[in-house]
Amino acid sequence: MQKSVLRVAPALFSFLLLLSCGGDNTSSNVQSPGAEKAGKTNVLEAGADLLQDKTPLSKLNMYLDGFHFYNGDTKAQMEAHHYCTKINEDLTQCIIYDGNTDKAKIMGVEYIVSEKLFKTLPAEERKLWHSHVYEVKSGELIAPGLPDVAEHELMEELVSTYGKTFHTWHTDQDLTLPMGHPLIMMGFTKDGMLDPTMLKERDERFKVSSEKKRKNRADIPTPAIQPGANAWQQGEIRQLKIDNTAQGGHHHSSPNR
């Protein structure tokens, strides 16, 4: 199959994404307190699963696995399992988990925008976003279960995008409950940053080779990184903190006014 097939048949590409596997091999390292589910709870869950509509969840048809670090601390790293929905050709939203089993914990969210949309962002806003160029070209970012041709096509789309990520549960530290406040995460931008042991362990678990993927993606053009992204590299680190004032960051007027 040639890559051109996927270009002229987006429906086939979507079908491949829906069928992709490669999960159920990464357990959560968090053990939360609480009583075992009662029989009544299991019955209620089964009924809800059968009867309630879950359309937004059914659209989480793209699975990406990569790595994040806390903005301002490149040594605090973790693997991140992304389950994503493409809202349109320029905007994607993802729920991030610490694993891919039924015990996985939600760690946070990531919003992904095209270069076109990133260019529309104000200068201060851009400092919250990271590029995906290195993650794609290095082979660190993978789409578990997808055939190589389909994954390559997907990475061609992602290489020029930008992500804004918040982790709400710091599962590398808080091993029982989600503690503290959300934190801004970043992506890696050069060799030597990511813990090689973490990468090796991930590759073995998914039976992939990041190095082979790097070579396979050598033909993907390397776009220039837009000004403002990866601001931590210029010492422009933005991080969330608790503020005891009542002033909010956004002010929304009533639509009826």
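Taking a 6.0 Å sphere around NZ of K207, one finds it holds 12 or fewer heavy atoms contributed by other residues, nucleotides or ligands. In the displayed structure, Q234 atom CD is contacted under 6.0 Å by more than 12 heavy atoms of other residues, nucleotides or ligands. Heavy atoms from other residues, nucleotides or ligands lying under 6.0 Å from OH of Y111 number 12 at most.
Hydrophobic cluster membership differs between M107 and L240, with clusters built from Ile, Leu, Val, Met, Phe, Trp and Tyr side chains linked at under 4.5 angstrom. Taking hydrophobic clusters as Ile, Leu, Val, Met, Phe, Trp and Tyr residues chained together by side-chain heavy-atom distances below 4.5 Å, Y134 shares a cluster with M193. Hydrophobic clustering (ILVMFWY, side-chain heavy atoms < 4.5 Å, transitive): L121 and L128 are in one cluster.
Of the possible donor and acceptor atoms, one in the side chain of Y162 sits under 3.5 Å from a partner among the backbone N and O of Q226. Side-chain atoms of K54 come within 3.5 Å of backbone N or O of D49 as a donor-acceptor pair. Side-chain N or O atoms of T85 include none that pairs as donor or acceptor with a backbone N or O of I87 at under 3.5 Å.
Shortest non-hydrogen contact noted between S210 and L199 is OG-CD1, 3.3 Å. In this structure, T92 and M62 approach most closely via the heavy-atom pair CG2-CE, 4.0 Å. Pairing each heavy atom of E135 with each of S131, the nearest pair is OE2-O, 3.6 Å. For the pair C84 and L64, the tightest heavy-atom approach, listed with the atom from each and the gap, is SG-CD1, 4.3 Å. Of all heavy-atom pairs spanning Y97 and A104, the tightest one is CD2-CB, 3.7 Å. Between C94 and I112 the shortest heavy-atom distance is SG-CD1, 4.0 Å.
Atom CG of L117 is separated from atom CG of D90 by 4.5 Å, given to the nearest 0.5 angstrom. In this structure, the separation between OG on S209 and CD on E204 is 11.0 Å, given to the nearest 0.5 Å. Atom OG of S160 sits about 10.5 Å away from atom CD1 of I220, to the nearest 0.5 Å. H152 contributes atom NE2, which lies 5.0 Å from atom CD of E156 (distance to the nearest 0.5 angstrom). Rounded to the nearest 0.5 angstrom, N230 CG and E236 CD are separated by 13.0 Å. If you take NE2 on H68 and CG on L194, they are separated by 11.5 Å, rounding to the nearest 0.5 Å.
Within the 4.5 Å cutoff, the side chain of T171 has no heavy atoms near those of the M78 side chain. Looking at L146 and L154, their side chains come closer than 4.5 Å, going by heavy atoms from C-beta outward. Side-chain contact between V113 and W129 is present, with heavy atoms from C-beta onward closer than 4.5 Å. Side-chain contact between M198 and F67: present, with at least one pair of heavy atoms (C-beta onward) separated by less than 4.5 Å. Looking only at side-chain heavy atoms (C-beta outward), N29 and L175 come within less than 4.5 Å of each other. Residues T74 and M186 fail the side-chain proximity criterion, which asks for heavy atoms closer than 4.5 Å. Side-chain contact between V133 and P223: present, with at least one pair of heavy atoms (C-beta onward) separated by less than 4.5 Å. In this structure, W232 and K127 have side chains that are not in contact, with every pair of non-hydrogen atoms separated by 4.5 Å or more.
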Item checked: CA sep, side-chain torsions, deciding dist, call: T176, Q31, side-chain contact (heavy atoms from CB on, under 4.5 Å) -> CA-CA 5 Å; T176 55; Q31 298 296 323; over 6 Å; no
Checklist line | I95/L60 under side-chain contact (heavy atoms from CB on, under 4.5 Å): CA gap, chis, key distance, verdict | finding: CA-CA 8 Å; I95 300 175; L60 295 173; 3.8 Å; yes
Check: Given T165 and V109, is the side-chain contact (heavy atoms from CB on, under 4.5 Å) satisfied, shown in steps?
Finding: CA-CA 6 Å; T165 306; V109 297; over 6 Å; no
Next item on the list: Kindly determine whether V30 and W169 satisfy side-chain contact (heavy atoms from CB on, under 4.5 Å), including the steps that lead there.
Entry: CA-CA 10 Å; V30 171; W169 190 339; 3.5 Å; yes
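The aromatic ring centres of F69 and F188 sit less than 6.0 Å apart.
Listed by first and then second residue, the salt bridge (charged side-chain N to carboxylate O under 4.0 Å, His left out) pairs involving residues 96-109 amount to none (not counting sequence neighbours). A side chain to side chain donor-acceptor pair (under 3.5 Å) check over residues 178-189, counting only residues at least two apart or in different chains, returns the pairs T189-Q233. Within the structure, salt bridge (charged side-chain N to carboxylate O under 4.0 Å, His left out) contacts touching residues 161-181 (residues at least two apart or in different chains) are E125-K164. Applying the salt bridge (charged side-chain N to carboxylate O under 4.0 Å, His left out) rule to pairs touching residues 137-149 yields nothing, sequence neighbours excluded. Evaluation of the salt bridge (charged side-chain N to carboxylate O under 4.0 Å, His left out) test over residues 181-192, restricted to residues two or more places apart or in two chains, returns D191-R214.
Between R126 and E124, none of the side-chain N atoms (NZ, or NE/NH1/NH2) sits under 4.0 Å from a carboxylate O, so this pair counts as no salt bridge. A salt bridge is absent between K75 and D195; no separation between the charged side-chain nitrogens and carboxylate oxygens falls under 4.0 Å. R217 has a carboxylate O that lies under 4.0 Å from a charged side-chain N of E151, or vice versa, which qualifies the two as a salt bridge.
The hydrophobic cluster containing L177, built from Ile/Leu/Val/Met/Phe/Trp/Tyr side-chain heavy atoms closer than 4.5 Å, also comprises M179.
Results of the side-chain hydrogen bond (donor to acceptor under 3.5 Å, both in side chains) test with R205 over D65, N100, T26 single out T26 as the only residue that passes. Among Q93, H130, M185, H167, the single residue meeting the side-chain contact (heavy atoms from CB on, under 4.5 Å) criterion with E110 is H130.
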